[in-house]
Amino acid sequence: MVVTPATDSADEPPAGSASKASTALARRIVQAMLTGDLPIGTMLPAEADLARQHSVGRSTVREALCLLEVWGAVEVRQGRSGGAMTRRPDAKAVGEALWIVMQFDQVSLAELLDTRRIFDVMLARSAAEGMTNEDVLDLAEATRGLGDHVADVEQYGVYNDRFHQVLVAACGNRALQVLVEATSSLTTDLIYELGDQIEWRRRSVELRQGVFRAIAGGRADDAEQAMARYRDEMSAWWSAHCPEAMHRAIDVLRDDRLIAPVAPPPRIAGRRTQVRAGERPATKASTRVARAIARQLLSGELQEGDLLPPETELAQRHNVGRSTLREALHLLEVWGAVEIREGRTVGAQLRRPDARAAGRALAIVMRFDRVTLAELFQTRTIFDVMTARLAAEQMTADGVLGLAESVRNLSDHVDDQDLYFAFNDQFFRILLAASGNRALRALLDAIKSITVDVMYEMGSPEEWRRQSVTLRTAVFRAIAAGDPDETERHMRDYRDTMFEWWSGQFPDAMASPMAIFRGRVAAPMARDLPRLLGHS
């Protein structure tokens, strides 16, 4: 299968940039997969053939294949029948970029479980309102399997995974499905590492049976309450039995992490679990090097803004070849932990990972799942309403003053799209900081980076910006008054009005799958304010 070189200038790398050339090649291969020109399950040509087809060096091809593997778009096989086979990306394959942001933000397992509670309560209500008879049968099978295998940690994990897969598949919002899958894969793995706790599993089965009965009966309020009870008891149980593990920062940069057994998707019979109990996945040399450098940045041994040593010196230090090192640097770039610089200060400059890198990774999975902008808007509503409520409950006096200044700046600069987007980013960052949940903050930052960039590219009309300021002012006043219920109501009104307005103005764009790899210009962020305001 030959992948035709793209002619879109947005995909063309700057001259002399190997890193950008490899990214462009990876994007072209993904685009060919999306269009069907390169079907899932196809073996890519040998490295030499790919290099010749695209007029690049073999090191560029290796970096591109490494990037595709990180995105979950290829599976590299070893041996006589080895090679790179295309596969459909999934949220777990690309979630590591998001998890690394959470580690740098010192997110705890307790915060992750609190975030999962938000998702699962909503999923339970959605399932009770619209689950098909076939879905109910799948959920019944998963619930029965939990009870039948409560003494077998591996099989229990499989049916636990299947139980939540059925709920996720029934919700109908593909953007939310991706986010739930990304977070559930991490929380499940972290809990699996805590050990065999049959006492909790037995109680979990009882609580899940209550969730199932409410969903099967179509009782949405009861389903929501039953799921909330399950999640609350889960957090309380693990906090009592493993307090240190629940409240210390998660560690996803270890090479010895255990992976929980994974269930096959519902209604797909005959598939074995992907990982057996107690198994550790093999870690590539390039991944080990990337994690080691990220750990040095996290510990303070290396500082943000530092330039890494030259490739030869760095390869010797980590006892790997230069091709392995380049893969590691490219992986760090995907995580957002380095910026490859060209010109007089050429080199890999360290930076603190942020959720925009995770947003780009999640966008690839969402594109394969044909997620629409409308689904992203609906998912943002869930996040923003909960974040605003938490902010109203916990925001300090200084936070209220900062939010007041942000709203005032939005109003003062409503006629300037760049400044409006920068102050818009500032507004939500203040809410996120006040929410007190760093896992929620990382997830919302990731999804926000996608929605805001798409809206910026479409062009945000001044008419909407003015209406947005009015609605945001009502949110601010409710937060300043410390009224969570009114805050929730006004934030929901803001998001619902936004959805209706954009759906009316841009119906085709809202209903179409997201486009990626179009050379999109990112919307200005709060950190761009000094430049936008003309300050040094």
Side-chain angles (χ1 to χ4, degrees), residues 105 107 110-111 113-119 121-122 125 221 224-225 228 231-232 235 355 377-416 419-445 447-448 451-452 455 460 462-502 525-527 529:
D105 284 348
V107 170
E111 289 173 300
L113 289 177
D114 286 346
T115 303
R116 278 295 306 278
R117 182 189 190 279
I118 297 170
F119 288 146
V121 167
M122 188 281 302
R125 169 172 282 278
D221 289 342
E224 182 176 322
Q225 292 170 10
R231 278 294 169 189
D232 289 343
S235 292
F377 268 56
Q378 292 162 354
T379 302
R380 273 291 305 272
T381 297
I382 297 168
F383 279 105
D384 285 347
V385 168
M386 180 55 64
T387 301
R389 183 178 187 90
L390 290 171
E393 293 171 346
Q394 305 178 72
M395 186 170 280
T396 64
D398 286 343
V400 171
L401 289 175
L403 199 62
E405 181 182 4
S406 175
V407 172
R408 184 167 57 250
N409 284 326
L410 279 167
S411 180
D412 291 345
H413 298 94
V414 72
D415 58 341
D416 185 317
L419 281 170
Y420 169 85
F421 270 94
F423 285 117
N424 175 75
D425 183 66
Q426 184 183 66
F427 178 90
F428 283 104
R429 285 185 181 277
I430 293 170
L431 289 186
L432 284 166
S435 72
N437 186 315
R438 292 163 293 191
L440 185 64
R441 180 172 64 195
L443 284 167
L444 183 51
D445 266 346
I447 195 73
K448 180 166 63 71
T451 55
V452 172
M455 290 167 60
S460 176
E462 186 173 338
E463 176 189 352
W464 164 250
R465 298 202 299 270
R466 292 190 181 280
Q467 189 174 0
S468 167
V469 171
T470 301
L471 294 165
R472 224 88 66 88
T473 301
V475 174
F476 160 70
R477 287 174 178 161
I479 291 174
D483 190 330
D485 292 336
E486 279 296 289
T487 298
E488 181 175 332
R489 183 174 70 83
H490 284 298
M491 179 58 83
R492 192 176 299 280
D493 184 40
Y494 162 61
R495 294 300 311 180
D496 289 346
T497 303
M498 184 179 192
F499 180 83
E500 292 171 6
W501 197 93
W502 283 83
M525 300 174 66
R527 67 187 182 196
L529 280 170

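Worth saying up front: this structure is predicted, and the values here are computed from it rather than measured.
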Before giving the answer on side chain to side chain contact (heavy atoms under 4.5 Å, CB included), spell out for Arg117 and Asp232 the whole-Å C-alpha distance, their side-chain angles and the decisive distance to 0.1 Å. CA-CA 8 Å; Arg117 182 189 190 279; Asp232 289 343; 2.6 Å; yes

Ignoring hydrogens, what is the shortest heavy-atom contact between Ser435 and Thr387? Give both atom names and the distance. CB-CG2, 4.1 Å

Residue pair Ser460 / Trp502, side-chain heavy-atom distance below 4.5 Å: yes

So, for Pro484 and Glu393, which heavy atoms are closest and what is the spacing to 0.1 Å? CG-CG, 3.5 Å

Could you go through the salt bridge (charged side-chain N to carboxylate O under 4.0 Å, His left out) check for Glu486 and Arg489 one step at a time? CA-CA 5 Å; Glu486 279 296 289; Arg489 183 174 70 83; 2.8 Å; yes

Heavy-atom closest contact (Val414 atom, Glu462 atom, distance): O-CG, 3.9 Å

Mind listing the closest non-hydrogen atom pair of Thr487 and Ala388 along with its distance? CG2-O, 3.3 Å

How long is the gap from CE on Met386 to CZ on Arg492, to the nearest 0.5 Å? 9.0 Å

Met491 and its side-chain contact (heavy atoms from CB on, under 4.5 Å) partner, picked from Asp496, Leu431, Ile479: Leu431

Are Asp425 and Arg429 close enough, and set up right, to give a salt bridge (charged side-chain N to carboxylate O under 4.0 Å, His left out), and what steps lead you there? CA-CA 6 Å; Asp425 183 66; Arg429 285 185 181 277; 2.7 Å; yes

When you check the side-chain N and O atoms of Asn424 and Arg472, is any donor under 3.5 Å from an acceptor? yes

Can you check whether Phe377's main-chain N or O pairs, donor with acceptor, with Thr381's side chain at less than 3.5 Å? yes

When you look at Val107 and Thr115, which way does the side chain to side chain contact (heavy atoms under 4.5 Å, CB included) test go after all the steps? CA-CA 11 Å; Val107 170; Thr115 303; over 6 Å; no

Nearest-0.5 Å distance, CD1 of residue Ile382 to CZ of residue Arg495: 11.0 Å

Roughly how far, to the nearest 0.5 Å, is the OG1 atom of Thr497 from the NE2 atom of His490? 11.5 Å

May I have the step-by-step check of salt bridge (charged side-chain N to carboxylate O under 4.0 Å, His left out) for Lys448 and Asp384, ending in yes or no? CA-CA 10 Å; Lys448 180 166 63 71; Asp384 285 347; over 6 Å; no

Side chains of Ile430 and Met395, heavy atoms from C-beta outward: is any pair under 4.5 Å? yes

Given Glu405 and Asn409, is the side chain to side chain contact (heavy atoms under 4.5 Å, CB included) satisfied, shown in steps? CA-CA 6 Å; Glu405 181 182 4; Asn409 284 326; 3.5 Å; yes

Which label fits Trp501 and Trp464: parallel for a plane angle under 30°, tilted from 30 to 60°, or perpendicular past 60°? tilted

How long is the gap from CZ on Arg438 to CG on Leu443, to the nearest 0.5 Å? 13.5 Å

Would you say Arg380 and Leu444 make side-chain contact, with heavy atoms under 4.5 Å? yes

Rounded to the nearest 0.5 Å, what's the gap from CZ on Arg466 to CG on Leu410? Could you check? 12.0 Å

Contact summary for Phe499 and Gln378, nearest pair of heavy atoms: CZ-NE2, 3.6 Å

Side chain to side chain contact (heavy atoms under 4.5 Å, CB included) between Ile118 and Phe383: does it pass, once the steps are laid out? CA-CA 9 Å; Ile118 297 170; Phe383 279 105; over 6 Å; no

To the nearest 0.5 angstrom, please state how far the CZ atom of Arg441 sits from the CG atom of Asp445. 7.5 Å

Show the nearest heavy-atom pair for residues Ala404 and Phe476, with the distance to one decimal. CB-CZ, 3.4 Å

Within the structure provided, determine whether Asp221 and Arg125 are in side-chain contact (heavy-atom separation under 4.5 Å). yes

